[in-house]
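Before any comments, here is the structure.
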Amino acid sequence: MTAEPDSQPHQKIDRFEKERLRKVDQLIEMGIDPWGQRFDGHIPISRCRELAPAESGQDGEQVRAAGRIMRRRKAGKLRFYDIQDATGQIQLLVSRGDVSDEQWALLSALDLGDLIGVDGPLRLTDTGEISIFVEKITVLCKSLAQPPEKFHGAKDTEMLLRQRYIDLIYNPGVVERMQKRSRIIASVRQTLGTRDFLEVETPVLHAIAGGAAARPFITHHNTRAMPLFLRIALELHLKRLMVGGIERVFELGRVFRNEGIDATHNPEFTMIEIYQAYGDYASMMELTEAIVCDAVKSISESLSLQWCGSEIDFTPPWPRLKYADLLQEHAGCQLGDEASLTAKARELGIPTENVHLDVLANELFEATVEDKLMGPAFVIDYPASICPLTKRKTDNPAIAERFELFVQGMELANAYTELNDPKLQEQLFQTQLAGLSDEDSMARMDHDFVRALKVGMPPAGGLGIGIDRLVMLLTDTRTIRDVIFFPLLRPEGQAPATADGANSEGKPQ
RNA sequence: GAAGGCGUAGCUCAGUCGGCAGAGCAACGGACUUUUAAUCCGUAGGUCGUGGGUUCGAAUCCCACCGCCUUCACCA
């Protein structure tokens, strides 16, 4: 092969990184560690602001703070820096007269994005800005990356998702949203804790991916030479624990569904499932109201919240709307009435050949009703045939004691009076409804689960809540990827991933 | 999986009919002791997502591919 001088893709030289590396060397020459060391005794910037004096001219407390340089301004032998930590921002004022020659020289090696620590008294500037009048600067970490534009910030969606740390640093509200997520989850745990529910952890790797209708991710255990599935639900293990005498139990964890990605779906998401022995779906409605209202109160004064321009009033009790009534109202069909169901389905272009009437009804329900449920509202009493894990109504075996909670057209929770009849469960696992593929069906035979039911599971209510969606609704967030730090993205760049998972992404050798 | 939109300097964005690649911020050099999107003078910075094609000439037109977004399908 002829060697062509330009055939090698030459490494792109980032002139900003080059410049900053020059400053790293400059710091090393000054005897300063560019990457910093333990830094004790600093206080949060929000606290600094509280400690500031009321008027300019007054001397405030001597403080030590640490943060990232967000902006800077020069005015001759005065330098202003705005630094940011997890609690806020504060201005630094460095005056040539207040610092040593070495410290003044150090300023020339500082850049936007660097992490520094400072010591000095709190004072107000002439314009009244709370400032730390710096006496000493400690370099805590040099940044080699050029930050986004100081006024417009970072806006490119792809960059914000791939480099969420940029989003976190430079876009106000991102950290706050995730802090609310944390408070919401803590609130859910507390609501359940005060009601004596036991939090447990069950396997993520399942031999049978049951408990919901979804395509699973498939993986493989090498030494056991067995296929495994990532869990699509928490249900069947938690019910086994109820058989074992744990009467109030819940698990909050990640589940995985190999489906499409959009504003309300990410392949891995966080779900909570809760089971209460000797309850039913009605008791789960009350529990749902308590969990959600407590969560709202954990982040808001009011039970009424704004969401994407709409107002959601969470004040309980929420309406209980019957599935059949809603279908009648919005689709003009009656459950089990072939004529009206197929007529409406044809009108909407939904295939009717070889489809169980209840499956058809449910497709009509999803097409005509769900978007209109602004809620919060419980849809109750589903057709039993599409609920293979649910107890039937005593007076009407065609109806299952199931509810789904809808808010803003989004399904937020799903709950049953749990089926505990092992023979009926076994039978339902074997029944595939016409029009549903194996993948689409919740009915997936799990002999071990049936064996557990034979030991005796108490009558119970069970409830599942989509945590990410709950956080979306409570934080005025339109897409699920903004309540998840690192949503799934395709790999970056042209180089395809190799079999051992290595890629061209400048990994350390 | 389908359709539509987007991809230009580190960032935010212009770029007209196909005719020399632009601005602001950031960077670099300089002035300035109360600034806060500081100001002023100067300098440098580009694989126009990638690869083809049409053309005398392509950021611009055509084709394919990659990535992100939106809507739809699947799903919670």
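Only heavy atoms go into these numbers, but all of them, side chains included; no hydrogens, no water, no symmetry mates.
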**Message:** Counting only side-chain heavy atoms from C-beta out, which of rA76(B), rU12(B), rC32(B) sits nearest to R257(A)?
**Reply:** rA76(B)
**Prompt:** For rG67(B), does either OP1 or OP2 sit under 4.0 Å from a side-chain N or O belonging to R490(A)?
**Reply:** yes
**Message:** Check for me whether R402(A) meets the cation-pi criterion with Y416(A), that is, NZ or CZ under 6.0 Å from the six-membered ring centre and within 45 degrees of the ring axis.
**Reply:** no
**Prompt:** When you look at NZ of K372(A), are more than 12 heavy atoms from neighbouring residues, nucleotides or ligands closer to it than 6.0 Å?
**Reply:** yes
**Item:** Distance between P atoms of rA64(B) and rU60(B) (Å, rounded)
**Value:** 16 Å
**Asked** Counting only Watson-Crick or G-U wobble pairs whose two distances fall under 3.5 Å, which nucleotide matches rC28(B)?
**Response** rG42(B)
**Under 3.5 Å donor-acceptor pair, T127(A) side-chain atoms to rU35(B) base atoms** = yes
**Asked** To the nearest Å, how far apart are M70(A) CE and rC11(B) P?
**Response** 16 Å
**Message:** Is F16(A) stacked against the base of rA27(B), taking the criterion as centroid distance under 5.5 angstrom and interplanar angle under 30°?
**Reply:** no
**Message:** With heavy-atom distances below 4.5 Å as the criterion, would you say the side chains of R257(A) and E268(A) are in contact?
**Reply:** no
**Message:** Let's test this: given Watson-Crick or G-U wobble pairing with both distances under 3.5 Å, identify the partner of rC48(B).
**Reply:** none
**Asked** In whole Å, what separates the C1' atom of rA27(B) from that of rG10(B)?
**Response** 9 Å
**Prompt:** Hey, does the side-chain of D262(A) have a donor or acceptor N/O within less than 3.5 Å of a partner on the base of rC72(B)?
**Reply:** no
**Request:** Can you figure out which of rU33(B), rU34(B), rA37(B) approaches the side chain of D126(A) most closely?
**Result:** rU34(B)
**Message:** Using whole Å, what does the distance between atom P of nucleotide rA2(B) and atom CD1 of I261(A) come to?
**Reply:** 15 Å
**Message:** Side chain of E158(A), heavy atoms from C-beta onward: which of rG67(B), rU70(B), rU12(B) has the nearest atom to it?
**Reply:** rG67(B)
**Closest-nucleotide ordering on RNA chain B, the 5'-leading residue of E19(A) and P267(A)** = E19(A)
**Prompt:** How far does the P atom of rG18(B) sit from the matching atom of rU12(B), given to the nearest Å?
**Reply:** 28 Å
**Message:** Does the structure show a Watson-Crick or G-U wobble partner for rG4(B), both distances under 3.5 Å? Name it, or say none.
**Reply:** rC69(B)
**Identified pairing partner of rG22(B), criterion: Watson-Crick or G-U wobble below 3.5 Å** = rC13(B)
**Prompt:** Would the number of heavy atoms belonging to other residues, nucleotides or ligands and lying under 6.0 Å from NZ of K23(A) be above 12?
**Reply:** yes
**Prompt:** Among the nucleotides rC68(B), rU35(B), rC28(B), which one has an atom lying closest to any side-chain atom of E129(A)?
**Reply:** rU35(B)
**Item:** Phosphate-side-chain proximity, R215(A) and rC74(B), N/O vs OP1/OP2 below 4.0 Å
**Value:** no
**Asked** On a whole-Å scale, what distance lies between the C1' atoms belonging to rC11(B) and rG45(B)?
**Response** 13 Å
**Request:** Please determine, for the side chain of T125(A), which listed nucleotide (rU36(B), rC69(B), rU70(B)) has the closest atom?
**Result:** rU36(B)
**Prompt:** To the side chain of D156(A), which of rA73(B), rC11(B), rU12(B) is closest?
**Reply:** rU12(B)
**Request:** Quickly work out the M159(A) CE to rG49(B) C1' distance and round it to whole Å.
**Result:** 16 Å
**Message:** Counting the atoms with a prime plus P, OP1 and OP2 as sugar-phosphate, which does R123(A) contact under 4.0 Å by heavy atoms, base, sugar-phosphate, or nothing?
**Reply:** nothing
**Request:** Could you tell me whether the phosphate oxygens of rG46(B), OP1 or OP2, come under 4.0 Å of any side-chain nitrogen or oxygen in R15(A)?
**Result:** no
**Audit row: F217(A), F229(A), ring pair (Phe, Tyr, Trp, His ring centres under 6.0 Å) steps and yes/no** = CA-CA 6 Å; F217(A) 285 92; F229(A) 302 96; over 10 Å; no
**Message:** Need to verify one output field. Residue with the more 5' nearest nucleotide on RNA chain B, G153(A) or R96(A)?
**Reply:** G153(A)
**Prompt:** Between rC40(B) and rG7(B), how far is it from one P atom to the other, in whole Å?
**Reply:** 31 Å
**Item:** Donor-acceptor pair between Q91(A) and E129(A) side chains, under 3.5 angstrom
**Value:** no
**Message:** Applying the Watson-Crick and G-U wobble criteria at under 3.5 Å, what pairs with rC74(B)? Answer none if nothing qualifies.
**Reply:** none
**Message:** Distance alone, cut at 3.5 Å: any donor-acceptor contact between the side chains of S56(A) and R123(A)?
**Reply:** no
**Prompt:** Which part of the nucleic acid, if any, lies within reach of K77(A) when heavy atoms closer than 4.0 Å are counted: base, sugar-phosphate only, or nothing?
**Reply:** base
**Asked** Distance check: side-chain N/O of R72(A) vs OP1/OP2 of rA37(B), anything under 4.0 Å?
**Response** no
**Asked** In whole angstroms, how far is the C1' atom of rC28(B) from the CG atom of D111(A)?
**Response** 11 Å
**Request:** Report yes if a donor N or O on one partner sits less than 3.5 Å from an acceptor N or O on the other, where the partners are the side chain of Q91(A) and the base of rU35(B); otherwise report no.
**Result:** yes
**Prompt:** Hey, does S108(A) reach any base, or is it just sugar-phosphate, or nothing, if we go heavy atoms under 4.0 Å?
**Reply:** nothing
**Complete:** Rounded to whole Å, the CG-P distance (N266(A) to rC68(B)) equals 12 Å
